[in-house]
Amino acid sequence: MPPLLEVSELYKAFQGRTSVNGISFSMEQGRCVALLGPNGAGKTTTLRMLAGLLNPGRGTILFDGKPIGQDYRRQIGYLPQSPAFYNWMTGEEYLIFASRISGMGRKEAAGRAAAMLERMGLAEAAKRRIGGYSGGMKQRLGLAQALVHAPRLLLLDEPVSALDPIGRREIMELLREIGRETSVLFSTHVLHDAEEVCDDIILMNHGVIAEQGTLNSLRAKYNRPVIALRVEQREEALQWLETLNTRSYILESRSEGEGSIFLKVKDMEAARSAILREAAERGIPVARFEAGSLSLEDVFMEAVGE
Ligand SMILES: Nc1ncnc2c1ncn2[C@@H]1O[C@H](COP(=O)(O)OP(=O)(O)OP(=O)(O)O)[C@@H](O)[C@H]1O
Ligand SMILES: [Mg+2]
C-alpha cells in the first residue's frame with residue numbers, strides 16, 4: 001500500500017525568494033506528524049501546498065499514491081494559521097455552510113454540524129454569533145470545520161499558538177483524540193506540543209528539512225551524555241577548562257563564560273572520573289558537576305540555531 005502522503009522535492013518561491021526549498025517526506029495512514037520549525041521556516045507555505053491552496057513551484061504531492069486531483073479537497077481538512085470567520089454567522093450556521101461546501105445534502109450537513117458542535121464543546125454556543133466567541137472557541141470551531149466532512153487527512157497550521165494555556169490544553173486534548181481516528185499533520189514552533197501528541201517529527205528550518213523521524217528514533221539518535229561543569233574563577237582553573245576540549249573522551253565543548261563549560265562526552269563514566277581526577281590533581285575546586293543527557297529540545301535549538 002502506498003503511503004497516505006508522499007511529498008518529493010517540493011519547492012516554492014515568492015517573488016524570487018525561496019520559502020520551501022525541495023522538501024521530501026512521506027506519511028503513513030494513521031500517523032500524527034508534527035511539522036516543527038521556527039518563524040519563517042516554511043511551515044505555512046508547505047501546508048498550503050499540501051492543502052491544494054497553493055501551487056508548488058516544483059515537486060510532487062501524491063495522496064494514496066496518486067497526484068492530487070478533483071476529489072482531493074474532500075479527503076482533507078485544513079485549519080489555517082489565522083482562520084477568518086464570518087462573524088455574523090452562528091457557529092451552527094457556519095458548520096452547516098462548511099458541510100454543504102464539502103458536498104453534503106441539507107439533512108446530513110445539519111446532522112454532522114450538530115455532532116461536531118457537541119464534540120467540540122460548542123453545543124451551548126451553537127446559536128450564538130461567532131463574533132462573540134472567545135479565541136479558544138473560535139479555534140474549536142475551526143477544528144470542527146476541518147473535521148466536519150470526516151477527512152482522511154487533517155492539516156492544521158499552528159492550532160494552539162494563539163491560545164492561552166487553557167485553550168491550548170483543550171485543543172491538545174482534542175487533537176490527541178482525533179489523532180486516534182484520523183491522520184494528522186500539524187505545524188508548531190514548540191517541540192513540547194509535538195512531543196505531546198505526535199508519533200513523527202519533521203523539523204524544518206529555512207525551507208529545508210533539518211531532521212525527520214519518529215520521536216523515539218530522534219530521541220535515541222540525539223541522546224548524548226553531557227556534562228555541565230563550573231569551576232571557581234581562578235586563572236589556572238580557567239586555563240584548564242580551555243584545554244579540556246583536547247581530551248579524547250570529549251566530543252564537543254562550549255564555554256559558557258564565568259568558569260562554566262558545557263561538554264558533550266563520548267563515555268560518561270570515563271569522562272566523569274577523568275575530569276574529577278584532573279581537577280583534584282591540580283587543586284581546582286569544582287563548583288558544579290552535573291551529568292545529564294541532551295534532550296530533543298537541545299537538538300531542536302541546535303538545528304535552528306544560527
Ligand atoms: N504569500 C507570500 N508572499 C511572499 N512571501 C511569502 C508568502 N508566504 C510566505 N512568504 C515567505 O516565505 C517564508 C516562509 O513563510 P511561512 O509562512 O511558510 O513560514 P512559517 O514557518 O509558517 O512561519 P511562522 O511560524 O511565522 O508561521 C517567509 O520568509 C515568508 O516571508
Ligand atoms: Mg506559519
Side-chain angles (χ1 to χ4, degrees), residues 5-27 32-61 68 72-73 76-85 135-136 138-143 145-146 151 153-165 167-168 171-172 174-175 178 183-198 200-213 215 218 296-306:
L5 193 64
E6 195 165 12
V7 171
S8 20
E9 292 300 317
L10 206 58
Y11 173 94
K12 184 74 189 179
F14 297 101
Q15 290 103 40
R17 288 193 52 208
T18 305
S19 295
V20 172
N21 199 1
I23 62 169
S24 303
F25 66 89
S26 64
M27 175 175 175
C32 173
V33 180
L35 187 60
L36 180 67
N39 289 137
K43 305 181 295 296
T44 295
T45 308
T46 300
L47 285 171
R48 294 189 65 217
M49 288 193 280
L50 296 179
L53 296 171
L54 194 64
N55 281 323
R58 286 200 296 273
T60 53
I61 302 169
I68 60 180
Y72 176 64
R73 290 288 286 281
I76 60 153
Y78 171 63
L79 177 64
Q81 188 162 1
S82 358
F85 293 105
K138 282 188 182 168
Q139 201 66 340
R140 279 182 278 142
L141 184 65
L143 208 49
Q145 165 276 132
L153 171 64
L154 195 56
L155 303 166
L156 309 171
D157 198 355
E158 305 223 18
V160 297
S161 294
L163 300 177
D164 69 14
R168 186 187 163 281
I171 296 285
M172 290 309 276
L174 285 167
L175 273 188
I178 293 162
S183 311
V184 180
L185 176 63
F186 81 93
S187 72
T188 174
H189 57 260
V190 183
L191 173 65
H192 184 70
D193 293 347
E195 289 184 301
E196 234 176 284
V197 294
C198 281
D200 307 299
I201 286 190
I202 297 171
L203 176 56
M204 237 186 132
N205 195 27
H206 297 307
V208 297
I209 293 177
E211 194 56 85
Q212 62 178 317
L215 252 175
L218 291 181
L296 209 50
E297 182 73 34
D298 302 312
V299 175
F300 173 57
M301 292 314 292
E302 216 166 273
V304 303
E306 299 307 308

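Indexing begins at 1, ligand by ligand and atom by atom, following the structure's order.
The protein heavy atom nearest to atom 24 (P) of ligand 1 is Asn39 ND2, 3.5 Å. Ranking protein heavy atoms by distance to atom 18 (O) of ligand 1, first place goes to Thr45 OG1, 2.5 Å. The protein atom (non-hydrogen) at minimum distance from atom 20 (P) of ligand 1 is Lys43 N, 3.5 Å. Considering only non-hydrogen protein atoms, atom 1 (N) of ligand 1 sits nearest to Phe14 CE2, 3.5 Å. Protein heavy atom closest to atom 29 (O) of ligand 1, with residue, atom name and distance, is Arg17 NH2, 4.3 Å. Atom 19 (O) of ligand 1 has as its closest protein heavy atom Gly42 N, 3.2 Å.
No side-chain heavy atom of Asn205 sits under 4.5 Å from any side-chain heavy atom of Leu203. Counting only heavy atoms from C-beta outward, the side chains of Leu156 and Leu175 approach each other to under 4.5 Å. Looking at heavy atoms from C-beta onward, Cys198 lies in side-chain contact with Phe186 at the 4.5 angstrom threshold. Side-chain atoms of Pro80 and Asp157, non-hydrogen and from C-beta on, never get closer than 4.5 Å to each other. Residues Glu158 and Ser187 meet the side-chain proximity criterion, which asks for heavy atoms closer than 4.5 Å.
The side chain to side chain contact (heavy atoms under 4.5 Å, CB included) test with Lys12 singles out one residue from Leu54, Asn21, Thr18, and that residue is Leu54. Of the residues listed (Val160, Leu79, Leu174), the one engaging Gln139 in a side chain to side chain contact (heavy atoms under 4.5 Å, CB included) is Leu79, and it is the only one.
Vertex the Mg ion (ligand 2); arms to Gln81 atom OE1 and Thr44 atom OG1; angle 80° (nearest 10°).
In this structure, Gly40 has a heavy atom closer than 4.0 Å to ligand 1. By the 4.0 Å heavy-atom criterion, Met204 is excluded from the residues contacting ligand 1.
Close approach to Gln81 involves these atoms of ligand 1, each under 4.0 Å from a residue heavy atom: 27 (O). Residue-ligand proximity, Ser19 to ligand 1, at heavy-atom distances under 4.0 Å covers atoms 10 (N), 11 (C), 12 (O), 13 (C). Numbered from 1 in the order shown, with element, the atoms of ligand 1 that lie under 4.0 Å from a heavy atom of Ala41 read 19 (O), 20 (P), 21 (O). The atoms of ligand 1 that sit less than 4.0 Å from any heavy atom of Gln15 are 4 (C). Within ligand 1, counting atoms from 1 as listed, the ones closer than 4.0 Å to a heavy atom of Pro38 are 21 (O), 25 (O).
Residue-to-ligand polar distances keep His189 apart from ligand 1: every N/O pair is separated by 3.5 Å or more.
Which of Asn205, Asp157, Thr44 comes nearest to atom 22 (O) of ligand 1 through a heavy atom is settled by distance: it is Thr44.
Distance remark: protein heavy atom present below 4.0 angstrom from atom 6 (C) of ligand 1. Distance screen at 4.0 Å: atom 31 (O) of ligand 1 has no protein heavy-atom neighbour inside the cut-off.
Between Asp193 and Arg168 there is a salt bridge, with a side-chain nitrogen of the basic residue lying less than 4.0 Å from a carboxylate oxygen of the acidic one.
From Leu47, atom CG reaches atom CG of Leu155 across 6.0 Å, with rounding to the nearest 0.5 Å. Atom-to-atom distance recorded for Ile171:CD1 and Ser161:OG is 11.5 Å, nearest 0.5 angstrom.
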(Q) Assess the residue pair Phe25 and Asp200 against the criterion (side chain to side chain contact (heavy atoms under 4.5 Å, CB included)); give the C-alpha distance rounded to whole Å, side-chain angles, the decisive distance to 0.1 Å, and a yes or no. (A) CA-CA 11 Å; Phe25 66 89; Asp200 307 299; over 6 Å; no
